[in-house]
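Working notes for the structure below.
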Protein chains: 2
Amino acid sequence: MATIRDVAQLSGVSVSTVSRVLNKSGYVNQETEHKVNLAIQTLQYEPSAVARGLASKRSRTIALILSNMMNPFFPELARAVEEVARTFGYTVFFGSSDDQADKEQAYIEIFRQRYVDGIIFSSHTLGMEEALRLNSSHIPYIVLDRAPSDEVCSVVRSNNRAGARLAVQHLLDRGCSKIAHIYGPQGIRTAQERLRGYEDIVKHLPWYSPSLLIPGNFLLDGGITAAEQMMERHPDVDGVFVGNDLMAVGVLKSLLRMGIQVPEQVAICGFDGIQLTEATEPEITTVAQPIYELGALATRLLIQKINGEAVANSLHELDVTLIPRASTRKD
Amino acid sequence: MATIRDVAQLSGVSVSTVSRVLNKSGYVNQETEHKVNLAIQTLQYEPSAVARGLASKRSRTIALILSNMMNPFFPELARAVEEVARTFGYTVFFGSSDDQADKEQAYIEIFRQRYVDGIIFSSHTLGMEEALRLNSSHIPYIVLDRAPSDEVCSVVRSNNRAGARLAVQHLLDRGCSKIAHIYGPQGIRTAQERLRGYEDIVKHLPWYSPSLLIPGNFLLDGGITAAEQMMERHPDVDGVFVGNDLMAVGVLKSLLRMGIQVPEQVAICGFDGIQLTEATEPEITTVAQPIYELGALATRLLIQKINGEAVANSLHELDVTLIPRASTRKD
DNA sequence: CTGAAAGCGCTTACAG
DNA sequence: CTGAAAGCGCTTACAG
């Protein structure tokens with residue numbers, strides 16, 4: 001592999017000059033530039049990102065730490081991060097924390113050693129102390145979805161509460177007269193917000209009762225169990241807002257097994273907008289998060305921070321969209 | 001951040017010695033080692049992976065280039081690669097080619113500039129010339145699933161043909177008496193092999209006719225279309241072996257919409273073993289590839305190659321497993 | 001068992 | 001507009 005020296009020699013200039021044309025920094029005579037570029041071509045020279053990193057203290061590399069690759073959000077999110085990063089000349093490292101604080105911490109160390117310029121967290125474990133430690137280490141980072149606090153860092157997420165209201169209102173509009181809610185782990189802020197959104201709408205309706213709230217675990221099997229519990233408690237529910245899509249798929253499966261017609265007897269609305277909701281029969285109505293946008297925005301913000309452009313810590317809440325499908329089509 | 005110099009100074013030894021204890025290379029007196037480790041502790045020293053990379057020409061980094069993050073295989077594959085890599089002290093870069101040769105080529109360049117120690121391809125675009133070019137550039141790599149040729153590189157994949165035979169035999173065992181096959185794009189070797197496996201079993205059966213072969217695109221909507229075509233051509237089929245799970249889900253959806261009972265009227269068996277097959281009602285019987293194993297093996301082989309241990313180019317074909325589920329339960 | 005020195009391939013002030 | 005020099009933080013022979 002050719003080095004910057006070879007290029008300098010072949011084009012008859014100094015290494016510094018080659019570096020300047022490489023980085024388009026400082027002044028350089030057009031003719032000189034031309035000669036250098038010619039040499040680069042003929043030598044098929046490619047600068048070593050590693051040497052650059054060491055000399056400049058910038059690796060043009062960012063890391064995405066996520067809770068779990070199996071998370072259905074991950075592919076689209078990763079894609080957004082990767083595409084935006086590439087556009088700006090960054091390459092991306094991935095690490096999964098499995099929602100274990102020590103794994104996450106280990107990855108932070110690894111990435112620090114690799115001089116990553118910034119980190120995007122889409123992990124549920126980032127705690128307050130870790131956030132503060134990151135702050136004091138001056139490595140830029142963005143938190144997706146869930147943050148220990150909105151003040152200490154920059155956060156990008158969906159407007160979950162408003163989305164939940166959309167969902168419940170939609171069920172009402174479709175004629176549902178008794179709507180249950182299967183909620184996710186209340187340790188997760190997202191799940192909390194969606195529960196609140198549900199309550200916002202139904203709290204003062206005559207049929208409302210707290211027993212319409214069924215706990216779930218945000219996983220498919222949790223949806224199955226919750227649906228059984230729901231039908232036992234309230235055989236007369238005719239609509240259910242499920243805290244996330246994975247559980248909604250479980251709910252559908254469970255109801256169909258019990259011989260309950262969807263949407264005729266019970267209408268289902270999920271939340272997230274993952275592809276799985278289109279794979280079932282009937283397809284499931286859902287409130288879609290702008291997953292790609294979340295990832296793209298987080299990446300853009302991170303790069304701004306890296307460039308020292310960004311302002312202080314900020315909260316960015318993106319709007320969600322209701323996607324009506326067969327699971328709520330009561331005609 | 002502390003550097004190796006700081007550690008050397010604090011422990012009263014030379015930089016070389018610190019380097020030796022860091023790398024556990026060469027001899028070093030136990031007492032000295034202790035002093036050094038103490039200094040490392042108190043300074044919270046972490047060696048710079050970038051400097052190490054530049055000096056040693058090894059970055060302890062590998063790249064995974066895949067066709068598309070949306071591919072349902074990707075999460076589990078990525079997880080396997082990440083976990084095994086981490087075990088051996090490697091960090092992993094991701095890049096997606098979207099099955100475009102130029103994107104793939106661009107990523108190869110990027111990763112080369114970053115001194116990655118090796119590459120795993122799970123992309124359909126790696127051509128013969130690229131493989132040869134990689135060979136001559138001496139960067140170790142492994143190809144997953146699809147390779148331009150088994151001779152020029154190391155390949156890890158499933159035994160698709162045998163798996164297809166398993167699937168078809170299972171349908172026969174469950175009492176199917178006329179089995180169609182929805183196949184994938186014949187440009188993809190995987191699809192070819194599965195078609196062959198189907199033919200191996202049914203070719204000489206009395207009811208077999210080439211019109212039982214229906215083309216598909218390996219995507220969900222392709223399954224929907226293919227199922228319609230299948231029922232039109234052969235209203236009396238009672239079993240179908242679908243070339244991959246994504247299409248199988250589409251087939252199920254399509255049949256249910258037509259009011260056809262699954263498995264009573266038509267039994268369905270897919271291929272791949274993705275989670276989606278468990279989300280439907282009924283759940284879909286499938287031939288599962290050992291996805292995690294494929295990724296783990298590829299990573300282990302790659303690291304062997306990096307360490308110069310590995311032998312010549314080799315083909316590794318892993319066994320698949322039939323997972324019987326409700327979609328073929330004709331009781 | 002340990003240290004001094006060169007070098008990995010760049011970037012970055014500093015002069016000119 | 002250009003070049004010489006120092007330095008980024010390590011590793012790697014080479015002596016001893």
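The sequence lines fix the lettering, A, B, ..., with proteins before strands; numbering per chain opens at 1.
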**Asked** How many Å lie between CG on A:Leu22 and C1' on C:dC10, as a whole number?
**Response** 9 Å
**Sequence neighbours excluded - ring pair (Phe, Tyr, Trp, His ring centres under 6.0 Å) pairs with any residue from residues 25-56 of chain B** = none
**Request:** Examine the side chains of B:Ser97 and B:Tyr107 and answer whether a donor and an acceptor come within less than 3.5 Å of each other.
**Result:** no
**Prompt:** Among C:dG9, C:dA4, D:dC10, which nucleotide sits nearest the side chain of A:Leu54?
**Reply:** C:dG9
**Asked** Can a side chain N or O of B:Tyr27 be found less than 4.0 Å away from OP1 or OP2 on C:dG3?
**Response** no
**Message:** If we count only N and O atoms by modelled type, under 3.5 Å, do the side chains of A:Arg60 and A:Thr91 hold a donor and an acceptor together?
**Reply:** no
**Distance in angstrom units between B:Arg5 CZ and D:dT11 P, rounded** = 14 Å
**Prompt:** Just how far, in rounded Å, is P of D:dC8 from CZ of A:Arg60?
**Reply:** 21 Å
**Request:** Let me know the distance between CD1 of A:Ile4 and P of D:dA4, rounded to the nearest Å.
**Result:** 14 Å
**Request:** Check whether any side-chain nitrogen or oxygen of A:Ser16 sits under 4.0 Å from OP1 or OP2 of C:dT11, and answer yes or no.
**Result:** no
**Asked** OP1, OP2 of C:dG9 versus side-chain N and O of B:Lys57: anything below 4.0 Å?
**Response** yes
**Prompt:** Got a salt bridge between B:Glu82 and B:Arg79, using NZ or NE/NH1/NH2 to carboxylate O under 4.0 Å?
**Reply:** no
**Request:** Could you check which of C:dC10, C:dG3, C:dC8 has an atom nearest any side-chain atom of B:Ser14?
**Result:** C:dG3
**Asked** At under 4.0 Å, does any side-chain N or O of B:Ser19 touch on OP1 or OP2 of D:dT11?
**Response** yes
**Asked** Any luck finding a side-chain donor-acceptor pair between A:Asp145 and A:Ser122 under 3.5 Å?
**Response** no
**Protein-nucleotide distance (A:Lys24, atom NZ; D:dC1, atom P), rounded to Å** = 16 Å
**Under-4.0 Å side-chain N/O to phosphate OP1/OP2 contact, B:Ser48 with D:dG9** = no
**Prompt:** Which ranges of DNA chain D pair up as stems, where a stem means three or more consecutive Watson-Crick or G-U pairs with both distances under 3.5 Å?
**Reply:** C:1-3 with D:14-16, C:5-12 with D:5-12, C:14-16 with D:1-3
**Item:** N or O in side chain of A:Thr17 less than 4.0 angstrom from D:dG3 OP1/OP2
**Value:** yes
**Request:** When you get a sec, tell me which of C:dG7, C:dT11, D:dT2 is the closest nucleotide to the side chain of B:Ala55?
**Result:** C:dG7
**Asked** Can B:Glu31 and B:Lys35 be counted as an ion pair, charged N to O under 4.0 angstrom?
**Response** no
**Asked** Taking CD1 from A:Ile40 and P from C:dC10, how many angstroms apart are they, rounded to a whole number?
**Response** 10 Å
**Request:** Grab the CZ-P distance between A:Arg114 and D:dG9 for me, whole Å please.
**Result:** 17 Å
**Request:** Name the residue closer to the 5' end of DNA chain C, choosing between B:Gln30 and A:Ser25 according to the nucleotide with the nearest heavy atom.
**Result:** B:Gln30
**Message:** It should be established whether A:Ser56 places a side-chain nitrogen or oxygen under 4.0 Å from OP1 or OP2 of nucleotide D:dC8.
**Reply:** no
**Asked** Looking for any heavy atom pair under 4.0 Å, which part of the strands does B:Val13 touch: base, sugar-phosphate only, or nothing?
**Response** sugar-phosphate
**Message:** Does this structure show an ion pair linking B:Arg300 with B:Glu293, if we count only N-O contacts that are shorter than 4.0 Å?
**Reply:** yes
**Message:** From C-beta outward on B:Thr32, which listed nucleotide comes closest to its side chain: D:dT2, C:dC1, C:dT11?
**Reply:** C:dC1
**Request:** Ignoring backbone atoms, establish whether A:Tyr115 has a side-chain N or O less than 4.0 Å from OP1 or OP2 of D:dC10.
**Result:** no
**Asked** More than 12 non-hydrogen atoms from neighbouring residues, nucleotides or ligands closer than 6.0 Å to CZ on B:Arg5, yes or no?
**Response** no
**Prompt:** Please give, in whole Å, the distance from D:dC8 C1' to B:Arg52 CZ?
**Reply:** 16 Å
